[in-house]
Amino acid sequence: MGVADFDFEHSMVLAAPPEDVHAVLVDLEYFGSWWPQVRAVASLGPDDALVVCRSVLPYDLELHLHAESREPWLLRVAIDGPIRGYAQWTLSPVDVRTAPGGTRLDFEQRVRAEDRSFVLASYVLKPLLRWNHHRMMAGAEEGLARKFGRVS
């Protein structure tokens, strides 16, 4: 993996069935209602959206997302903009003994910095950029936990 490559993973277990979680995650235009770091979403058609994100660091990240999968167990988008790659949510029912009716939600993102300023920042600030993304995912987890409840 090169200095401009980023791999992110995050997992959580929610107290809602996969079909309920899927319905929220597939509705990209409403991400901002539960995910504080998603500042704006503009639909560009049935499979495309422009999303503006900002975590802790003082910059807005504008991304073009293109839907690649809306399967009940996998939601995946291609990402284009200052970073390119993909992000996906994998949904799986939780073992009945652990949390009846719950959903394990695994987030995975693989991107490469393309914009010159992001590439340069990757050389010096990669740990800070990773921390910033971690804070963004913490916001997603908190928002989804408020919506569905969290399984401990």
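Note that the numbering runs from 1 along the sequence shown for the chain.
Atom CE of Met12 is separated from atom CD of Glu141 by 5.0 Å, given to the nearest 0.5 angstrom. Distance check, rounded to the nearest 0.5 Å: CD of Glu9 to NE2 of His133 gives 11.0 Å.
His10 and Glu108 share no donor-acceptor pair across their side chains, judged by distance under 3.5 Å alone. With 3.5 Å as the limit, one finds a donor-acceptor pair spanning the side chains of His64 and Asp48.
Aromatic ring centres of Phe118 and Phe6 lie farther apart than the 6.0 Å criterion allows.
Val56 and Phe8 fall within the same hydrophobic cluster, where Ile, Leu, Val, Met, Phe, Trp and Tyr residues are linked whenever their side-chain heavy atoms come under 4.5 Å apart, directly or through other members. Both Leu129 and Phe107 belong to a single network of hydrophobic side chains, linked directly or stepwise wherever heavy atoms of I, L, V, M, F, W or Y lie under 4.5 Å apart. Note on Val77: it does not cluster hydrophobically with Trp73, by side-chain heavy-atom contacts below 4.5 Å among ILVMFWY residues. Hydrophobic clustering of Ile, Leu, Val, Met, Phe, Trp and Tyr side chains at less than 4.5 Å, counting indirect connections, keeps Leu75 apart from Leu50. Hydrophobic clustering (ILVMFWY, side-chain heavy atoms < 4.5 Å, transitive): Leu44 and Tyr86 are in distinct clusters.
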Listing, residues 20-31 side-chain donor-acceptor contacts under 3.5 Å, not counting sequence neighbours, or none:
residue : atom : partner : partner atom : Å
His22   : NE2  : Arg70   : O            : 3.1
His22   : NE2  : Glu71   : O            : 3.1

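Grouping Ile, Leu, Val, Met, Phe, Trp and Tyr by side-chain contacts under 4.5 Å, direct or through others, leaves Leu120 on its own.
Contact record, Pro36 with Gly139: CD-O, 3.8 Å, taken as the closest heavy-atom pair. A pairwise comparison of heavy atoms in Trp34 and Ala140 identifies CZ3-O, 3.7 Å as the closest pair. Nearest heavy atoms, Asn132 versus Ser55: O-OG, 2.8 Å. Nearest heavy atom pair, residue Pro82 against residue Leu63, reads CD-CD2, 4.3 Å. In this structure, Arg54 and Leu57 approach most closely via the heavy-atom pair CG-O, 3.6 Å. Across every non-hydrogen atom of Val119 and Ala113, the tightest pair is CG2-O, 3.3 Å.
Partners of Gln37 by side-chain hydrogen bond (donor to acceptor under 3.5 Å, both in side chains), not counting sequence neighbours, listed by chain and number: Trp35.
A salt bridge does not link Arg39 to Glu62: none of the charged side-chain nitrogens sits closer than 4.0 Å to a carboxylate oxygen.
Side chain of Thr103 to main chain of Pro93: no donor-acceptor pair is present (N/O by atom type, distance under 3.5 Å, no hydrogens or angles).
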